[in-house]
Amino acid sequence: MTNLASASMSRPRAAFAQAVAVEPDFDLDLPGVEHPIAPRRIQVVPTRQQRRARPKIAYAAVVVTGVLAIVVTQLMLSIGLSDGAYEISSLQQQQKELDRTNQTLSEQYDSLSSPQNLAASAEALGMVANSAPVYLRLSDGAVLGSPVAASGATGAITAGQSLIPNASLNPVTGTAATPADAAAAAAAGAAADAAATADTASAPPVAEAPADVPWTGALPSPTTR
Amino acid sequence: MNTAANRTTRRRAAVAVVAVMAVVAVFVIRLVSIQIVQADTLNAESFDKLSAETTSYGLRGDIVDEDGTVLATTVLRYDVTASPKSVTDFERTGDDGKTVDVTALQAAGEIAAVIGQTPEQVYGTLTADPSSNHVVVVTGIDVDAFRAIRDLEIPWLYYESNPVRTYPNGAVAGSVVGFMGEDPDADPGATETGDSAGTEDEVGLSGIEQMQNQCLTGTDGVETYERGADGVAIPGSSETVVKAQQGGTAVLTLDSDLQWFSQQALLARIQETGAAWGTVVVQEVKTGKLLAVADYPSVDPNDIDATPADQRGSIAFQSPFEPGSTFKALTAASVLDAGLANVGTQVEAPFIYTDPNGASTRDSEFHVDPLRLTFAGVMQESSNTGTAMLGELLSSQQRYDYIEKFHMTKPSEVGFPAESGGILAPWDEWDDQTNLTTTFGQGVSNTAIQIASLYQTLGNGGVRLPVQLLDGCKAEDGTMTQVPDATGEQIVPSTVSTDVVNMLETVVSGGYASKELSIPGYRVAAKTGTAQMSDGSGAYGDSYITSVAGLAPAEDPQYVVSVTIAKPVTIESALAAAPVFQKIMSQVLKEKRVLPSTVPSPDLPTTY
């Protein structure tokens, strides 16, 4: 039964195969034609049309794949673009923040490098200006000018009090700052001033200066710390 | 086929077609209406909802000194506003992901801690009018305070940035740099509609800020873009409507360190002598560039209100005064140039001299016998009678012409706002006394800048160079515009100017202020002046303007320093100004690395 069934089931295929083998140009789609040939090992041989038809599937595959690829690419591009937009946005935000930091630091730098602040700081450190500079001419080794030791009396430029105001040295607290705050700042300022004055007054810098640069041999060498 | 059924089918088809046509027609009409008729309106409407506009600030440019030290710059400051309607408690998510409830009062306390107020003050501001939609919490805070408040993550606060002018060096060159303020010519209605305070509504009101307003002013740009629901720009939609243009940088010839030193030295001496005001001008002889223009009183542009309104200008440029004896250098140059005398010309200078017109003058110190002086000696002694006698060798018109030739009757090339050109009546309107006194600098008024320029001319072989305060206006791309003309003009021959400088050197080597004027190692040529000040009603009062103007090194002058101190109380002679001159000139020579003099002084004879 099984054999029979399989035989009868395989029949149309056999017929089809034979027809193809015998008459390649014969129309395959003839259900009524019976070929009384016993089943045997057969192989599908594609017709020329089939051979021609087969690439069409490949084309379709290529087209579908292509379309898919395009869709995917476009999707990726779109994702990339909007990702880029977010990145630009976040970078712009970052730049804004960095600009702000830059501004704060430049402001600080400009105020700190103002001559008022430099002079006050230098004098607070006990530095004095030498009003009698001496030049060494390299061509003949001549010393131009007469060397005079700098002294606290002639070398102090501000003598502990900076007379040229600079409101930018006080931190900005906004226009709504309270008087108490200003008073505190003033007190701090006064304390700093007092400290600076005390420094310059109590410590004659000339006497102190050599202590930091001991004579250690043939050449004076600074103590590096 | 049944004809009735056929007819029904046809009727149905017709109805269907008509219905479809009707629907299509409706669509087409709607389409035309939306796409063509209403297109502009709808586009505009959608654009408003979709598009965002940002202002890119074209900030006002900097004012810098010769080596780029910033004297004025623009920074952003922040305003914090709130909507009282929505001031409520809120939840804050901490870094650890936990949420904390924050009450409005707590939030107010946190804000208060940053801006230096009490929590009650801030809470009061926030709740003063709960129905309002807008209240200003604080204005003009800096970046640090802004960040601190922003980091509080309070949902009902809003922030706005404004460009603000700041002067990192404070009062250093304050009177020259100037300051900003509301445009007095502006339409008052216009500021009402302006969005916020800031430099936009402000213009330079004085000094360089005013003079270079056009160079410094930037143009704000506008950029529009379309944004998504989360506010992120839709790629490719941004469009620059107006490109922001940053303001130019005004580059000055000033040296901020020297400027500060001059101001400090001047003010210290003014306080010491109880003087009213003073000014210092330092000019480079070979270029005509001003290195320092110090004034007292002077304004700190960061804090304009600390200085009375009438003291915010620059005295050196704007306030002429009778120079007194420093003017004698001009008389000397005129007489020498006309060939009517030389450095050795001998004069018997009496204590009181009365000229043929009947006008008279006297020396500042009494002497019984006439002084037997050479021309150089007249300068050294600063003898008024001697100068008048020599000066009157020239006619009034000749002297006026020389004064004019030395540019003493017109403002300098700087073009400083409200710059004065000095005061001098035409020679044919001089009365006899003016005719006499103009030889020694009374009856004629000049600015400190003009006096400095006179000495620059004498120091530069008689070639007067245009006075320069501005190197130029530097655009964003580095190009310099408004570079001033530096073409000199020969006023007197170099032999004359050298003679005058040599005569002035005798003032430093042997005059009454010799000790206060000398700088060890350098040959200095200078002239002192103690001029009586007009009391404002046409007569001379009992206060003086003391001054020193001079050059160093005398053998090849490099720098002019001119110091003027008015109404000193403790010393009423040029000795009030002399130490300032010496201090500043020493500093200039040191800072500019001018080598000590090696050529000996000619030591002109002063008596015979």
Side-chain angles (χ1 to χ4, degrees), chain A residues 78 80-82 84-86 88-90 92 97 99-101 103-104 106-119 129-135 137 142 144-146 148 154 157-159 161-178 180-182 184, chain B residues 69-70 73 75-78 80 115-118 121 125 137-147 166-172 174 228 231-236 256-257 259-261 263-265 267-268 271 296 298 300-303 306 520-522 583 586-587 589-590 593 595-596 598:
Chain A
S78 168
L81 262 178
S82 50
Y86 279 96
I88 288 173
S89 174
S90 96
Q92 276 173 343
E97 282 301 309
D99 280 347
R100 282 177 184 151
T101 310
Q103 182 199 305
T104 319
S106 328
E107 254 184 89
Q108 253 175 38
Y109 168 80
D110 285 340
S111 291
L112 289 178
S113 63
S114 69
Q116 292 100 320
N117 186 56
L118 288 183
N130 187 352
S131 48
V134 178
Y135 297 86
R137 193 163 58 202
L144 305 173
S146 36
V148 180
T154 59
I157 296 175
T158 66
Q161 48 171 338
S162 181
L163 302 173
I164 313 303
N166 185 356
S168 79
L169 283 171
N170 310 321
V172 179
T173 49
T175 49
T178 61
D181 221 44
Chain B
T69 303
V70 177
T73 187
V75 294
L76 292 178
R77 290 280 180 267
Y78 299 84
V80 180
I115 61 175
Q117 293 184 344
T118 62
Q121 271 178 305
T125 313
V137 180
V138 65
T139 58
I141 55 172
D142 65 5
V143 177
D144 292 335
F146 159 69
R147 282 180 170 163
T166 162
Y167 305 85
N169 287 309
V172 173
V232 170
I234 296 173
S256 59
D257 289 340
Q259 173 75 32
W260 168 79
F261 186 90
Q263 281 181 252
Q264 174 84 22
L267 181 49
Q271 289 182 347
Y296 176 82
S298 176
D300 179 351
N302 289 311
D303 186 11
Y522 293 90
K583 223 173 167 180
S586 304
Q587 180 69 16
L589 296 172
K590 182 169 69 174
R593 303 284 187 269
L595 295 182
T598 46

If I measure from the heavy atoms of chain A, does [X] come under 4.5 Å with its side chain, its backbone, both, or neither?
{"X": "B/Q271", "answer": "side chain"}
{"X": "B/N169", "answer": "both"}
{"X": "B/V172", "answer": "both"}
{"X": "B/T598", "answer": "side chain"}

Is the side chain of [X] donor-acceptor paired with the backbone N or O of [Y] at a distance under 3.5 Å, no angle test?
{"X": "A/R100", "Y": "B/L76", "value": "no"}
{"X": "B/Q263", "Y": "A/I164", "value": "no"}
{"X": "A/N166", "Y": "B/P168", "value": "yes"}

Legend entry - Among the listed options B/T73, B/V70, B/T166, the residue most often paired with chain A at heavy-atom distances under 4.5 Å: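 Highest number of pairs under 4.5 Å: B/V70.
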Legend entry - Pairs of heavy atoms under 4.5 Å with chain A: top-ranked of B/Y167, B/F261, B/W260: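 Looking at each option in turn, the highest pair count goes to B/W260.
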Counting only heavy atoms closer than 4.5 Å, note whether [X] contacts chain B via side chain, backbone, both or neither.
{"X": "A/T101", "result": "both"}
{"X": "A/Q103", "result": "side chain"}
{"X": "A/E97", "result": "both"}

Inset, instruction - Enter the distance from B/D142:CG to A/E107:CD here, rounded to the nearest 0.5 Å. - result: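 Interatomic distance, B/D142 CG to A/E107 CD, rounded to 0.5 Å: 7.0 Å.
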Inset, instruction - Hey, could you give me the CG/CG distance between B/D257 and A/L118, rounded to the nearest 0.5 Å? - result: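 Going from CG on B/D257 over to CG on A/L118, the span is 7.5 Å.
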Inset, instruction - Name the member of A/P115, A/S90, A/S114 that forms the most heavy-atom pairs with chain B at distances under 4.5 Å. - result: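 Between A/P115, A/S90, A/S114, the count favours A/P115.
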Legend entry - Heavy-atom closest pair, residues A/Q116 and B/A171: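 What the structure gives for the nearest pair is NE2-N, 4.1 Å.
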Inset, instruction - Check ring pair (Phe, Tyr, Trp, His ring centres under 6.0 Å) between B/Y78 and all other residues, then give those that pass, not counting sequence neighbours. - result: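 For B/Y78 the ring pair (Phe, Tyr, Trp, His ring centres under 6.0 Å) partners, ignoring immediate neighbours, are B/F146.
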Legend entry - Contacts of A/Y135 that satisfy side chain to side chain contact (heavy atoms under 4.5 Å, CB included) - sequence neighbours left out: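 Side chain to side chain contact (heavy atoms under 4.5 Å, CB included) list for A/Y135, sorted by chain: A/P133, A/L144, B/Y522, B/R593, B/L595, B/P596.
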